[in-house]
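Since the structure comes first, as structure tokens, the remarks are kept for the end.
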Amino acid sequence: MKLAAIAAAAALSIATFASGAQAATLSGIFEVKVVNFNAGGSGSGARANIENFNARYAAADETRKDTFTYSGSLDFFVPNPTNQDLETISDFLATNALGNVSGLDAGVGGLRLSNPRFQTTTLFSFTEVYENAFETVVTHDDGFSIYDDGAALFSFANPTGIRTTPKTGTETFTGGEFNLIYAAANGNPSRLLVEGDGVPAVPLPASALLLMGAMGGFGALARRKARKNA
């Protein structure tokens, strides 16, 4: 009875965790490129599309761009100015307390995220590969564009206030290389949240895998005990 109770508790823990892993926020291990530049006082200079990103990245010197890894969900938010828009690139990424940044140069991470009047601006490129298709919707401030295996899927590339795109329904990512370009421009708030239906689940952590192993062990003990009592 004790073995059965413990196994049942372990199963419940895994089921509870697994249901949480099916959260509607897009997660993964993303290759991230970032570039920080002066948009020259123009909203068009801060457009979040692949053409502007590539041009800005190519033109920037090594102290204002970097490539690194981010593991976690695409859910970041710096609210309306609470620190005179002094938040940095690292501060923005750190707003997702469950995410993990690896390999970001400290100097680049310490650059100011953005400021008003389209001066200092930061463009991010998040790339991951997914086997499955999923429906997605983006809450953002400022602009973004999503590419599906290199083809433009949907976007609201111009800087804006916080809004959701599309306004109704979702867009279908068909699977393959997912690439999102995001602009932090014109001061805070800075918001990026990617979610939807059927988004890939977060991989189970080691704790859940240990529980699975424990369940297997409990099952083996129960079968051995049953044979002895037969």
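Keep in mind it's a predicted model, so treat the numbers as computed, not measured.
Judged by distance alone, the side chains of Thr174 and Asp148 do bring a donor and an acceptor atom under 3.5 Å apart. A side-chain donor from one of Ser42 and Ser44 sits under 3.5 Å from a side-chain acceptor of the other. Asn36 and Arg64 form a side-chain donor-acceptor contact under 3.5 Å, judged by distance and modelled atom types alone. Using modelled atom types and a 3.5 Å distance limit, the side chains of Arg163 and Thr165 yield a donor-acceptor pair. Judged purely by distance below 3.5 Å, without hydrogens or angles, the side chains of Glu171 and Thr136 never pair a donor atom with an acceptor atom. Between Asn188 and Asn80, the side chains place no donor N or O within less than 3.5 Å of an acceptor N or O (distance only, hydrogens not considered). Checked by atom type, the side-chain pair Asn179/Ser125 shows a donor-acceptor distance below 3.5 Å. Side-chain atoms of Thr164 and Thr139 include a donor-acceptor pair closer than 3.5 Å.
Heavy-atom minimum distance, Thr120 versus Asn115: N-OD1, 2.8 Å. Between Ala46 and Ala185 the shortest heavy-atom distance is CB-CB, 3.8 Å. Contact detail for Arg47 and Leu123: the closest heavy-atom pair is O-CD2, 3.9 Å. Considering all non-hydrogen atoms of both residues, Ile146 and Phe178 come closest at CG2-CE1, 3.8 Å. Across all their heavy atoms, Ile29 and Ser71 have their closest contact at CG2-OG, 3.7 Å. Between Glu135 and Val199 the shortest heavy-atom distance is O-CG1, 4.1 Å.
Applying the ring pair (Phe, Tyr, Trp, His ring centres under 6.0 Å) test between Phe76 and each of Tyr70, Phe124, Tyr182 identifies Tyr70 as the sole match.
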Leu180 and Val194: CA distance, side-chain angles, deciding distance, side-chain contact (heavy atoms from CB on, under 4.5 Å) verdict: CA-CA 10 Å; Leu180 181 144; Val194 184; 3.7 Å; yes
Criterion side-chain hydrogen bond (donor to acceptor under 3.5 Å, both in side chains) on Ser145 and Asn49, from CA distance to verdict: CA-CA 6 Å; Ser145 294; Asn49 57 34; 5.8 Å; no
Criterion side-chain contact (heavy atoms from CB on, under 4.5 Å) on Phe126 and Leu192, from CA distance to verdict: CA-CA 11 Å; Phe126 294 88; Leu192 177 62; 4.0 Å; yes
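Sorted by first then second residue, the ring-ring contact (aromatic ring centres under 6.0 Å, His included) pairs that include residues 40-64, not counting sequence neighbours, are Phe53-Tyr57.
Not counting sequence neighbours, Glu131 has no partner by the salt bridge (Lys or Arg N to Asp or Glu O under 4.0 Å) test. With sequence neighbours left out, Ser73 forms a side chain to side chain contact (heavy atoms under 4.5 Å, CB included) with Thr25, Ser27, Asp75, Asn96. Every residue meeting the side chain to side chain contact (heavy atoms under 4.5 Å, CB included) condition with Asn186, not counting sequence neighbours, appears here in chain and number order: Pro116, Phe118. Every residue two or more places apart in sequence or in another chain that forms a side chain to side chain contact (heavy atoms under 4.5 Å, CB included) with Asp141 is listed here: Ile162, Pro189, Arg191.
No chain of hydrophobic side-chain contacts below 4.5 Å, direct or via other Ile, Leu, Val, Met, Phe, Trp or Tyr residues, connects Leu193 to Leu153. In the hydrophobic cluster analysis, where Ile, Leu, Val, Met, Phe, Trp and Tyr join through side-chain heavy atoms closer than 4.5 angstrom, Leu74 is grouped together with Val34.
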Could you list the donor-acceptor pairs under 3.5 angstrom formed by side chains in residues 99-106, with sequence neighbours left out?
unit_1: Asp105; atom_1: OD2; unit_2: Gly107; atom_2: N; d: 2.9
unit_1: Asp105; atom_1: OD2; unit_2: Val108; atom_2: N; d: 3.0

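The aromatic rings of Tyr130 and Phe30 sit perpendicular to each other, their planes meeting at more than 60°, with 30° as the lower class boundary. Note: Phe173 and Phe134 have tilted aromatic rings, judged against thresholds of 30 and 60 degrees for the angle between ring planes.
The backbone N or O of Phe77 sits less than 3.5 Å from a side-chain atom of Thr95, completing a donor-acceptor pair. No side-chain donor-acceptor contact under 3.5 Å links Asp85 to the backbone of Gly187. Between the side chain of Arg56 and the backbone N or O of Gly45, at least one donor-acceptor pair lies under 3.5 Å. Here the side chain of Lys65 pairs a donor or acceptor atom with the backbone of Ala60 at under 3.5 angstrom. Remark: side-chain polar atoms of Gln119 are paired, donor with acceptor, to backbone N or O of Arg117 under 3.5 angstrom.
For Phe154 and Phe144, the gap between ring centers is short of 6.0 Å.
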